[in-house]
Amino acid sequence: MSWLGPEEWQAVALSFRVAICAALLSLPFGLAAAWALARGRFPGRGLFSALVHLPLVLPPVVTGYLLLLAFGPEAPAGRLLDALGLPLAFRWTGAVLAAAVMGFPLMVRAIRLSLEAVDRRLEEAAGTLGASRARTFATVTLPLIAPGLLAGLVLAFAKALGEFGATITFVANIPGETRTIASAIHAFLQAPGGETAAIRLTLVSIALSLAALLLSEWLAARMARRVGA
Amino acid sequence: MSWLGPEEWQAVALSFRVAICAALLSLPFGLAAAWALARGRFPGRGLFSALVHLPLVLPPVVTGYLLLLAFGPEAPAGRLLDALGLPLAFRWTGAVLAAAVMGFPLMVRAIRLSLEAVDRRLEEAAGTLGASRARTFATVTLPLIAPGLLAGLVLAFAKALGEFGATITFVANIPGETRTIASAIHAFLQAPGGETAAIRLTLVSIALSLAALLLSEWLAARMARRVGA
Amino acid sequence: FAAASLAGPLDAAAELWSEESGHQTALSYAGSSVLARQIMAGAPADVFLSANEEWMDAVEADGRLVPASRVDLWGNALVLVSRASSPLPLAELPQALSDDRLAMALTEAVPAGIYGREALTALGLWEAVAPHVAETDNVRAALDLVALGAAPFGIVYATDAAAEPRVTVAATFPEESHAPIIYPGAALTVGPAEDFLAFLQTAPAQALFAEAGFTGPPGPAP
Amino acid sequence: MTLSVALRHRLSPAFALEVAFDAPPGVTALFGRSGAGKSSILRAVAGLIRPDEGRITVDGAPVFDSAAGIDLPPHRRRFGLVFQEPRLFPHLSVARNLRYGRRALGLPAAPAREAEIVEMLGIGALLSRRPSGLSGGEAARVAIGRALLTEPRLLMLDEPFASLDAARREEILPYLERLRDHAGLPILFVSHALPEVARLAARIVVLGDGHVLRAGPAAEMLADPEAAELLGPREAGAVLTGTVGATAEDGLTEVHLPGGTLHLPGVTAGEGARIPVRIAASDVILALEPPRGLSALNMLRCRVASLHRGKGPGVMVGLTCGPDALLARVTARSAEAMGLAEGLEVTAIVKSVAIGPADLGGG
Amino acid sequence: MTLSVALRHRLSPAFALEVAFDAPPGVTALFGRSGAGKSSILRAVAGLIRPDEGRITVDGAPVFDSAAGIDLPPHRRRFGLVFQEPRLFPHLSVARNLRYGRRALGLPAAPAREAEIVEMLGIGALLSRRPSGLSGGEAARVAIGRALLTEPRLLMLDEPFASLDAARREEILPYLERLRDHAGLPILFVSHALPEVARLAARIVVLGDGHVLRAGPAAEMLADPEAAELLGPREAGAVLTGTVGATAEDGLTEVHLPGGTLHLPGVTAGEGARIPVRIAASDVILALEPPRGLSALNMLRCRVASLHRGKGPGVMVGLTCGPDALLARVTARSAEAMGLAEGLEVTAIVKSVAIGPADLGGG
Ligand SMILES: Nc1ncnc2c1ncn2[C@@H]1O[C@H](COP(=O)(O)OP(=O)(O)OP(=O)(O)O)[C@@H](O)[C@H]1O
Ligand SMILES: Nc1ncnc2c1ncn2[C@@H]1O[C@H](COP(=O)(O)OP(=O)(O)OP(=O)(O)O)[C@@H](O)[C@H]1O
Ligand SMILES: [Mg+2]
Ligand SMILES: [Mg+2]
C-alpha cells in the first residue's frame with residue numbers, strides 16, 4: 001500500500017493499537033458491569049445503567065471534556081495514574097481510555113443480552129457437580145456468553161476505530177501519539193481539498209474493521225459449530 | 001424547568017422526536033438485517049455485515065458527508081424522495097435518517113444476539129402445530145427476541161440523542177428544524193462562554209435517556225416475569 | 001449558516017435585526033468546513049459567514065455566491081494564553097514549554113491552527129515548538145486544555161481568551177506574523193440575505209462583536 | 001388414511017437412517033433401543049428433517065418426495081408431533097400454549113374439546129401458569145394436550161408417558177384408544193413400555209441402528225417367539241381378540257374367546273364389543289390336567305404348537321387354543337418335568353388379576 | 001451416612017412443600033404422582049431452592065438450617081443430582097461433560113472408573129460428540145454418568161430411566177445396586193416404575209401434594225395392603241429376603257426362604273448371598289392343596305393372615321409363609337369359591353419366570 005505516507009501509516013498503526021487495547025481493556029469492566037445489570041438486584045441499578053449508557057447519549061466532545069476534568073493532569077485521578085506510571089494526558093494511553101469509554105455502553109449491552117439468555121439451569125447443574133460460583137462462571141457462563149463477548153469486542157473495536165470526538169478533546173491530536181485514523185480523517189476534512197487523503201484513510205479504516213468483523217464472524221461460526229447448533 | 005429558554009425547549013422537543021422516530025423507523029430494517037446476519041447464508045454476508053457496521057467505524061462527519069452526497073438536494077436519491085414529498089436535506093426528517101443510520105449497527109447487533117439465542121426447537125414445535133413461517137416468526141421468534149428489540153431501541157434512542165456529527169454535517173444545525181440537543185450542545189461549546197447552556201442541555205439529555213432506560217428496564221423486567229424466569 | 005465561533009454575538013445581532021426588519025433569521029452553526037460542504041451540496045442557505053477565507057473561496061469557486069456580495073466582516077487577533085498571569089515574550093515560548101504541550105487547533109485544517117502555525121513560523125519558533133504541539137478539533141478545545149491545566153500554553157483567538165476567565169493572555173502575536181484573520185461573509189440568495197449582510201456592517205452590530213473581542217473589518221471591502 | 005414412509009438419511013458419519021414402513025389408521029408403535037432412530041423418523045415425517053432421499057406419502061399423496069422435488073413445510077403437513085421434550089412456549093401461559101395450534105390453523109375455538117382434554121390430563125389448575133415453573137410431568141401433559149387440540153391428520157407421540165405416573169397414564173390411554181378408534185387417524189407411538197405398546201398398537205415396527213429389524217401386526221409380533229427376543233422375553237405375550245359378555249356383580253366380566261371364556265376385571269367396553277386381550281407369556285401357567293382348588297379363574301384347553309429354547313433358562317411355548325395363538329414362558333426344568341412336546345394337550349392357567357387395564361383394549 | 005430432611009417451603013400460592021423424612025444409606029425412593037413435589041425436594045436437598053424454613057442434615061451436620069442461618073451452596077454439599085432433564089453443557093463434548101465434576105472438585109482423573117461407567121451406559125461411541133445431536137436416551141445416560149463420576153456423598157436420581165429401554169435399564173440397575181451396597185451412600189431415587197423402586201429401594205416415601213403421605217421400609221410398604229392403594233394395586237407385592245443356594249445347569253438358582261425354596265432364573269448374586277426377592281401380588285396363585293403337573297416350580301406353604309377388599313373386583317390377601325409376609329391378589333370370586341378366611345392354610349404358587357431380573361436384587 002505504497003499510497004499511504006509514513007505519517008498515515010503511523011496513524012493506522014496507532015489506531016489499530018488503540019482500538020485493540022480499548023476493546024480488550026474494557027472487556028473485564030464491561031463483563032462486570034453487564035453482570036451487575038443482568039443479575040444484580042441492588043439499589044441504584046437504574047442509575048448505574050444510565051451511567052453506563054452516558055457516553056452514548058452525550059456528544060463525544062462532552063465525554064472528552066468530562067474525561068479531561070476527571071483524568072486531566074490536575075485532577076486527582078489523573079495525578080494518581082501519572083504517579084503510578086500511567087500518564088494519560090496527551091498519550092496514546094489516553095486515547096485508549098477515551099475510545100474504551102465511548103465503546104463501553106455497546107460492549108456492556110452485548111454482554112448483558114447474552115448473559116440474560118444463559119440457561120440458568122446449566123449453572124445449577126454445574127453447582128451440583130461441585131463447581132464453585134467462580135468456577136461455574138468460568139467454565140459454564142463464560143463459554144455460553146462467548147457470542148456476546150465477541151460481539152462486544154467487535155463493537156468496541158469498531159467504535160474505537162471511528163472515535164475521534166472524545167479522543168481529540170481529551171488527548172488532542174499529536175502525530176505518532178494520539179493521532180488516530182479517525183482524527184486524521186477529521187483533520188483532512190477540515191481543510192479544503194483534503195478529501196482524497198480522507199478517502200484513503202477511510203478505506204483503510206473500513207478494511208481494518210472488515211477484517212475484525214470477518215474474524216469475529218468466523219470465530220462465532222466456529223463456536224456455533226462446536227455447540228452443534 | 002423554567003431555566004430552559006424557548007429555543008432550548010425547541011431543541012429538546014426536536015431531539016426527542018428525532019430520537020423516537022429514528023429508533024422506531026430503524027426497527028424493521030434492523031430486524032431484517034439482524035435476521036439476514038443471524039440466519040441467512042448468502043454470499044456477501046461478511047460484506048453486508050461490514051456495511052451495517054460502517055457508521056460505527058467511520059467518523060460521524062464522514063457518514064454525514066456520505067449521506068449528504070447520497071441524499072442531498074442535488075443527489076438523485078434526494079431528489080426522488082423530495083419529489084415523493086419526503087425531503088430530507090436540512091429537514092428534521094434528515095436528522096432522523098442520520099440518527100437512524102448512526103444507531104443502526106447497535107440495533108442490529110442487539111437484535112442479532114437475541115436471535116442467535118432463540119431456541120430453534122420452539123420454532124420447530126410451532127411448525128408442527130400448524131404455524132406458517134411468518135406466523136411462527138410473529139408468535140414465537142418475535143416475543144422471544146423482545147429483550148433484544150428493546151435493547152436495540154434503547155441503544156438507537158440513546159445514540160440518536162447523542163448524535164450530532166453526522167446530523168450537523170447532513171442537515172446542518174437549524175433552530176427548530178434540525179438543531180437537536182446534541183448539536184446545540186456542540187454549538188454552545190464552540191462559542192466562548194457557552195458552557196452553562198451546554199451543561200443545562202446535557203442534563204436534559206441525560207434525563208431523557210435515563211427515562212428511556214428506566215422504561216426499557218421496567219419493560220424488560222415485566223417480560224422476564226411473564227416468562228417466569 | 002455561520003461559523004460556530006461567531007455564535008454569541010451573532011445571535012444577539014440577529015435578534016436585533018429581526019426586531020428592526022421584521023425578518024426571521026434561522027442560524028445554523030457548525031465548523032466552516034461542514035457549512036461549506038453543505039452549501040456546495042445544495043443546502044438552502046441564504047448567508048454564509050465563514051471563519052476563514054479558504055472555505056469562502058471554495059464556495060465562491062463553486063459558483064454559489066451572489067456575485068459581489070462577499071465582504072470581510074470582522075477580524076480577530078491571535079494570542080498566546082496561559083494560566084499564569086505573567087506575560088511571556090513570545091521568543092521564550094520554546095524554553096517555557098520545556099517538555100509540556102502547546103495546545104492549538106489543528107494546524108493544517110482549522111483556521112486558528114493554520115494562523116498559529118503561520119505566526120510561529122514567521123517568528124522562527126515553529127521548528128522548536130512543533131514537537132510539543134497538541135492539536136485539537138477546534139479553538140475551544142485548545143482553550144479548555146489550557147483552562148483545565150492539561151497544557152500550560154495555548155494559541156487561541158483573542159475572542160476566546162476574553163471569554164475564559166481561567167486563562168490570561170501571555171502574549172499577542174504581531175499582526176504581521178500571520179495572514180490577516182478575516183471572517184468573510186457572503187449572500188447566497190438575493191433579497192433579505194443581502195440586507196442582513198449590510199446590517200452586520202452597521203455600527204450597532206459591529207459594537208456587539210467588538211464587545212466579544214472581535215476587531216473591525218481589517219480593511220475596506222474589496 | 002395411511003402413512004407410508006420410505007427414506008434414507010445420513011444424520012452423521014456414524015449414523016444413517018434407512019427405513020420403510022406403512023402406518024395404517026390405528027396405532028403403529030416404533031420400538032427400539034435408545035439411539036435406534038425413533039425420534040429421527042418422527043422428525044423426518046413431520047418435515048423437520050429433510051431426508052437425503054425417499055418418499056413420505058399420506059394415502060399416496062406425497063408430503064415429501066425427493067425424486068419429484070416435493071417437500072411440504074411442517075405446517076402444511078398437519079401432522080401433530082409430541083416431542084420427547086415438552087418444548088412449551090415459555091412466553092405463553094399454559095392455556096395459550098394449548099390453544100396455539102388451533103389459532104395458528106385458523107380453527108375455531110373448541111371449548112368442549114379443550115375442557116375434555118384439560119380434564120383428562122389433569123392440567124386444569126395450571127392453565128394460567130407459565131411453563132417455566134411446571135414439573136416434568138406437568139409440562140409433558142401440556143405438550144400432549146397442545147398437540148391433541150390441533151386435530152392433526154396424523155399423530156406422533158414420542159415417549160409421551162415417560163415422566164407420568166401409572167395412574168395418569170391410565171387416564172390418558174383410554175383417550176388415545178378412543179382417538180384411534182373413532183378418528184381413523186394413524187398414530188405413530190414411540191415407547192419403551194411394552195404393555196402400553198401391546199395395548200395400543202395394531203402394528204409394531206422394531207428399529208435397530210437406523211434400520212427396520214422387523215415389522216408386522218402387533219398380535220403376530222408379540223406372539224412370535226422369535227420377535228419376542230427383540231422385544232424382550234419378559235414382555236412377550238399374545239394378543240387375543242375376545243367378545244365381551246356379561247359382567248357379574250363382583251366386577252368380573254366374561255370375555256369369550258374361541259378357546260374358552262376368561263373372567264376379567266376392569267373391562268370397560270360394553271357387552272358384545274370385541275376387544276384385544278393381551279396375555280403375557282410369563283403370566284401363563286401350564287398344567288397337564290385342569291387343576292382344582294386354585295385361585296386362578298381362567299383356564300383354556302390348548303395344544304402345544306412349538307417350543308423355543310432361549311438363551312436363558314426359559315422356554316417359550318407356542319400354544320394353539322382353538323383358533324387363537326397363545327404364548328407361555330416356562331423354565332426349561334418345568335418343560336422337561338412335564339414332558340412338554342409339540343402336540344401335547346395342556347391347560348393354560350391365567351390369573352384374572354394378572355391382566356390389568358393396561359392389557360385390555362377399550363373396545 | 002444418613003440424610004435427614006425436614007422442611008417447609010411455599011413454591012407458589014397454590015403449592016407448598018412440607019416434608020420430613022430420613023434417608024439412611026441405601027436407596028430411598030420418592031414416589032408420588034406428577035406434581036407431587038418430588039423434584040422440588042431434590043432441589044431443596046441439593047441447595048438449589050432455599051426452603052422457607054427447615055433443616056437438612058447429613059449425619060447430624062446441617063447443610064441447611066434456617067434457624068441457625070446455615071445454607072451451604074450446592075458445590076459445598078457434594079450431593080450428586082441427576083436432573084429430570086439432562087442439562088448437559090452444550091459447549092463441552094460428552095467426554096468433557098462426564099469429566100466436568102471431577103475437574104471442578106479437583107479430583108484426580110479416574111480412567112478405570114470412567115471406562116466402567118461409559119461401558120455400562122453404552123456411551124463409548126458418543127464421547128467426542130457435542131450434546132446437541134444426542135437422542136433423548138443418550139443424553140439421559142450421559143447425565144447419569146456425569147453425576148456418578150463425581151463420587152458424591154449422596155446421590156439423587158430424578159426419573160433416571162424414564163427415557164431408557166428395558167435392556168439398558170437392566171445394565172444400569174446392577175451398577176446402582178453395587179453402589180448402594182458398597183459405597184454406603186444414601187440414594188434418593190424418584191421413579192414412577194414400581195418394579196424398579198421395589199428392586200432398589202430399602203425405604204419408600206410416598207408423596208402427595210407436597211406432603212409425605214406414608215413412609216417406611218420398602219418391604220413393609222409393598223407388603224402392606226393399605227399402602228398398596230397408594231402405590232397402585234397392580235404394583236403391590238412383597239419383598240422377601242432369601243439366601244442364594246446352588247445354581248443348576250439349566251440356569252435356575254435355588255433361593256432359600258424360611259417358608260420354602262424358590263427356583264429362580266437370572267440370579268446374579270453368588271451362593272450364600274442374601275438377596276431381596278420381590279413377588280408381585282398379582283403373580284401369586286393360591287391353591288387349597290399343592291397341585292401337581294404344573295409348570296410353576298415354586299410353591300410355598302402359607303397361612304392367610306388378612307383379607308382386604310379393594311374398590312375393584314380384587315381382594316388383597318396377606319399371607320404368612322413361615323416368618324415372611326407375602327401378598328397375593330385374587331378376584332373376590334375366587335376368594336369366595338375357595339372359602340379364603342384368616343388362618344386358612346394355602347399353597348402359594350409363583351412362576352419362576354414371573355420373577356425377572358428387575359425383581360431380584362443383585363446381592
Ligand atoms: N417455580 C414454581 N412456581 C410455581 N409452582 C411451582 C414452581 N416449581 C414447582 N411448582 C409446582 O410445584 C409442584 C411440584 O413440582 P415438582 O417439580 O416438585 O413435581 P414432581 O413431583 O417432580 O412432578 P413430576 O413427576 O411431574 O416431575 C408442581 O405442581 C409445580 O407446578
Ligand atoms: N444432529 C445429529 N448429529 C449427529 N448424530 C445425530 C444427530 N441427531 C441424531 N443423531 C444420532 O442418531 C441416532 C438416533 O437418534 P434418535 O434421536 O432418532 O434416537 P431415538 O431412537 O429417538 O433414541 P431415544 O430412545 O434415546 O430417544 C442417535 O445415535 C443420535 O446420536
Ligand atoms: Mg428419541
Ligand atoms: Mg419432577
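Quantities reported herein were computed from a predicted structural model and do not represent experimental measurements. Protein chains get the first letters and strands the later ones, always in sequence-line order, with residue 1 at the start of each.
One distance of note links CG of D:L252 with OG of E:S334; it measures 7.5 Å at 0.5 Å rounding. With rounding to the nearest 0.5 Å, the separation of CD1 in D:I285 from CD1 in E:I349 is 6.0 Å. Atom-to-atom distance recorded for D:L264:CG and E:T331:OG1 is 10.5 Å, nearest 0.5 angstrom.
Chain E forms more heavy-atom pairs under 4.5 Å with one residue of D:G137, D:S163, D:S34 than with any other, namely D:S34. When E:A14, E:A337, E:A287 are compared by the number of non-hydrogen pairs under 4.5 Å with chain D, E:A287 comes out ahead. Comparing E:G35, E:S12, E:A125 by how many heavy-atom pairs each has under 4.5 Å with chain D, the most go to E:G35. With respect to chain E, the highest number of heavy-atom pairs below 4.5 Å among D:R168, D:E289, D:R169 belongs to D:R168. Among the candidates E:L164, E:D165, E:L340, the residue making the largest number of heavy-atom pairs closer than 4.5 Å to chain D is E:D165.
Contact of E:E138 with chain D is made through backbone and side chain together, with heavy-atom distances under 4.5 Å. Of the two parts of D:A167, the backbone and the side chain both hold a non-hydrogen atom closer than 4.5 Å to a non-hydrogen atom of chain E. For D:E159, the part lying under 4.5 angstrom from a heavy atom of chain E is the side chain only.
D:E85 places none of its side-chain heavy atoms less than 4.5 Å from the side chain of E:E85.
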